[in-house]
Amino acid sequence: MDSEEDFIEPSAGVGPHQELPRNSSASSLVETHHPALASSTSSLPYPPSDVEPPSTIHTGDIVSREILPVSSPSSTEHVDIRNPPEDGAESLMSSYERHGSSTTISPLPSPLPIKESLGLTGSFIIIGGSLGVLGALGFLIFLWFGYGPTPEAADATRFWRYITLHDYATQAITLSSLFLRFIISSQAAVCTSMIAAVVLEKRRARRSQVAWFSVIRSINDGPSKLAGMMVTSTSFVRHFEFWLLLLMVAVTLGLQFSSTILLTDIHDFVMIGNLNNTEALSLLVYQRDDFHLQLTGDTFLSEPPLYATFGEAQDEFDATPNINGVSNTGIIQRALLPLPESNDRTSIRRFDGNLIVMNSQVACMRPHIDAQYSSVHFSIDADDTLGMLEGRLQYNSTFRNAHVSSDSLCNEDMCEEVAFGCPVPGATLGWQSNTCLFDGLGAQNWNTSFDPKWNPSDGPWSRNSSVTLVFTTNMESEDWNMVSDQGVPLPPGSPYQEWQSYELIPGRFLNITLCFAAFYLDRHQVSMSSSTGHPPREPVTNMSLTSRTYSTADVQDMMGVSVPQKSHGARAILDMQIVGPPDDGPSSSPANSMTSFSYAGGNMTLAKLTPTVLETVMYYELTAGFQNNGSISFCYFCTADGYAVNPALGLLFNDIVVQTGRAANAMLTMMSTIWSDIYYTYVPTMRTLQGAQMTATTSVRAPGPCSTHGCPGMVAVTTLVCIHLVYVTIITILYVRQVRYSRRGNIWHSISQLVSGELKETLGNTNNAGDDVVDKHVAKANDDPFVKIGWLEEVGRVEIMRYPAEASTVYGSMKSSFSRVWGKIRRNERNKRQ
């Protein structure tokens, strides 16, 4: 090597018996697989003087197969590295020394373009995958919050309703999670490649692991292998890439369970279904030779009351008495749903079809009576004493004082005065109430034709109404024992609203009001719907027959008789609109078929027969079997004589009278309750179906609502996805801005960059062996230096080189290689001498 410009090109190799070409002017040669064999002007330490230079240096120890010139391709001079000239290795190394100081390692002027460094596939996975992650997350958020702001998903979108009503929510979550996991796993693999590239180019790695780092830059199956290598080396802890990788491993692992996490938010959710066309129970089944109606008196008064869901046409009603002491509910129109089961009724949110509507009205006023009161000892227990009130009611003067017209009721003889005799309860707890039907008036219903029925234009005080005296008193049994059993004239009464109040003994009162209760049943085509956020509910009277603690507040709210009166929604009932006459179809339809029923006045259509039969049963119940002077005991904590009612109904009636003072509301509630009991007793026999449309709630499995359950699964997955997108963005920016030698998805460059002098021995030892050979060698020799990838400017190659600075130069790499060679030579010479 005569010229100072001579150097060995690392892109060439030499065969085992080939000579190194020499150029006496400018060119020099370097081994392809040994970049450390570059020149240096600095002095290299020569082997100790006690060791003679070798006469032959085998290429397997230092160089590889082929050596090509760099400076001058026409070089023809060779030097046999196996038989060096007289100065031997010293002459060769001095040539390296002369060029070492001018050899530099510098990066390329700018990072690779994204298209080359990340590639189209990688770019699509990062950019398109991020959009896909956002799309999947958005769809999941839609599933969680798509039910809308109103209860029962009343305002939910059609797509959300389709998914949930068809029970696709679980499948949608599972598929979305699978799609999410696929994208995140793909992005994790790309991010692993980018982190490996940044570490190799900007940081350092152990020589025993550099092959993995290099290959992972191009292809990998996830971050687990890279994380395992970086965790075992404490040198990575202080680098940002290490913590990004650990975060990616944790988040990617967590998101593999995204489906399980999200499904923890699945709950039974009640939502409004679609409007369905159906067939509803509507009319009785009539057979001429087999149609019978059995009337049973007070049957329904004694049965447990059924506070069934109903629709009401009036927005509100007010029975507050006027200045004349008249309390009037006005006409109230209510209809019941043709559904026998309570759960089915309370699930209805809309009903369109034909229904039987009860039109009712109750009015109460102060009576003008001439009467005597007395005590009556109960026949079973003499200590239980109640009262008796006997006398005559003056109709004309009563109506005159109330300023109402009585022509419809008092247009016959004997209407001026009507005699009555009614028992009065003996209270055992507070104020107690009962009712008394009038002699003669109630019986008129039996003789009156059902067509025409009660005419609302006549007012509630008409011949087809039930005329009743309502009593409420705080006279106890002990108080009645102080009253003569021979009859005592009533003292002058004091008017109070719709009541006439009589003080029988000091502090003990008997309050009386005269009530007219009228109704008729008719069929209409109606539309009923629930108020948003106020589903129908059927309350019960919370009471124990062995306790005096109970509450009827819920039932009073439902019936609209609480003070103050609440809206339909707050009362948990349906809004009803009467659309028009019933849609009974053509004349040939079952509804228009003719029937014959003597109670109803002869021939009529089935459409008319059905409400007429129910109306007959209703009249029979309200008039106590059309009996004269019949008393109904609506008190529970009392001693009374009369028709007994179910305790729950008695408590409700008494509470309304005592707590609100409105006897008209108590009578209206009693009529509605009895109508409900009658209707649902006969509904199973209404097997003639008619078309209807119904919307009902249904129970589905759906996520949320978060306001109720908190949605911890959705919060956890959303947090992990957001963290994932953040570190993907950071890793991509670091990679794009810093990487100069790595191309993701390209395998050959990652292998080519490993072929270097620094890895010569390692590659040779593992040509046909496993990775454990490297591990054993490192453990035995305790030699596993740090390396990195760099650009050798003089030779124009990207190769693995030692880190730090000394190993990062050609000189340092050459020095390391020759040190190992001479160390081996010394060991061989020592063995020969021995």
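All residue numbers refer to positions in the sequence shown, counting from 1.
- One finds the CD atom of E241 at 6.5 Å from the CG atom of L734 (value rounded to the nearest 0.5 Å).
- Residue R158 holds its CZ atom at 12.0 Å from CG of L165, rounded to the nearest 0.5 Å.
- Side chains of S742 and E201: a donor-acceptor N/O pair is present below 3.5 angstrom, by distance only.
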Exercise for the section: Starting from the C-alpha separation in whole Å, work towards a yes-or-no answer on side-chain contact (heavy atoms from CB on, under 4.5 Å) for T192 and M248. Expected result: CA-CA 9 Å; T192 301; M248 181 172 65; 3.4 Å; yes
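- In this structure, I751 CD1 and I747 CD1 are separated by 4.5 Å, a value rounded to the nearest 0.5 Å.
- Enclosure of atom CD1 in I141 by more than 12 non-hydrogen atoms of other residues, nucleotides or ligands within 6.0 angstrom is indicated.
- By the 4.5 Å heavy-atom criterion applied to side chains, P705 and H267 are not counted as neighbours.
- Between Y741 and Q753, the closest side-chain pair of non-hydrogen atoms falls below 4.5 Å.
- Using modelled atom types, one finds a donor on one side chain and an acceptor on the other under 3.5 Å when comparing Q187 with S130.
- What you find for A227 and V249 is that their closest heavy atoms are CB-CG2, 3.8 Å.
- A heavy-atom distance below 4.5 Å is found between the side chains of L725 and V133.
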Exercise for the section: Start with the C-alpha distance between I789 and R217, add both sets of side-chain angles, then the distance that settles side-chain contact (heavy atoms from CB on, under 4.5 Å), and finish with yes or no. Expected result: CA-CA 12 Å; I789 284 181; R217 289 181 300 161; 3.4 Å; yes
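- Under the 3.5 Å distance criterion, with hydrogens and angles disregarded, a donor-acceptor pair is assigned to the side chains of S193 and N220.
- In this structure, L246 places its CG atom where more than 12 heavy-atom neighbours from other residues, nucleotides or ligands lie under 6.0 Å away.
- A153 approaches M271 most closely through the heavy-atom pair CB-CB, 4.0 Å.
- Proximity of K225 to F213: side-chain heavy atoms (C-beta onward) are nowhere separated by under 4.5 Å.
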Problem - Verdict with supporting geometry, F142 and T157, side-chain contact (heavy atoms from CB on, under 4.5 Å) - result: CA-CA 10 Å; F142 167 75; T157 62; 3.5 Å; yes
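- Between T174 and L263, the closest heavy-atom pair is OG1-CD1, 4.5 Å.
- Residue S177 holds its OG atom at 6.0 Å from CG of L140, rounded to the nearest 0.5 Å.
- Applying the salt bridge (charged side-chain N to carboxylate O under 4.0 Å, His left out) rule to pairs touching residues 742-754 yields E116-R743, sequence neighbours excluded.
- By the neighbour-count criterion of 12 heavy atoms within 6.0 Å, atom CG of N767 is sparsely surrounded, having that number or fewer from other residues, nucleotides or ligands.
- Between the side chain of S214 and the main chain of V210, no donor-acceptor pair closer than 3.5 Å is present.
- Two residues are said to be in side-chain contact when any heavy atoms from C-beta on lie closer than 4.5 Å; F242 and L247 fail this criterion.
- Here S750 contributes atom OG and I219 contributes atom CD1; the two are 9.5 Å apart, rounded to the nearest 0.5 Å.
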Exercise for the section: Take R701 and D268, measure what salt bridge (Lys or Arg N to Asp or Glu O under 4.0 Å) needs, and give me the verdict at the end. Expected result: CA-CA 5 Å; R701 296 282 291 171; D268 290 329; 3.4 Å; yes
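- At least one donor-acceptor pair under 3.5 Å links the side chain of Q256 to the backbone N or O of T252.
- For the residue pair V736 and P111, the shortest heavy atom distance occurs at O-CB, 3.5 Å.
- In this model, a donor atom of one side chain and an acceptor atom of the other lie less than 3.5 Å apart for D784 and S208.
- Between W160 and Y147, the two ring planes are perpendicular [angle over 60°; tilted spans 30° to 60°].
- Residues I730 and F240 share a closest heavy-atom pair of CG2-CE2, 3.7 Å.
- Classification of the Y162-H166 ring pair by plane angle, with boundaries at 30° and 60°, yields tilted.
- Listed by chain and number, the residues in a side chain to side chain donor-acceptor pair (under 3.5 Å) with S123 amount to none (sequence neighbours excluded).
- Put simply, CD1 on I126 and CD1 on I183 are 11.0 Å apart, with the number rounded to the nearest 0.5 Å.
- The backbone N or O of N746 sits less than 3.5 Å from a side-chain atom of S218, completing a donor-acceptor pair.
- Panel note: side chain T264, backbone I261; a donor-acceptor pair is recorded below 3.5 Å.
- Here the side chains of R740 and W791 are not in contact, with every heavy-atom distance at 4.5 Å or above.
- Side-chain contact check for Y727 versus H724: some heavy-atom pair is nearer than 4.5 Å.
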Problem - Check against side-chain contact (heavy atoms from CB on, under 4.5 Å), V755 and K760 - result: CA-CA 7 Å; V755 181; K760 174 63 179 178; over 6 Å; no
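- The two residues L137 and M714 make their nearest non-hydrogen contact at CD1-CE, 4.0 Å.
- No side-chain heavy atom of H749 sits less than 4.5 Å from a side-chain heavy atom of V798.
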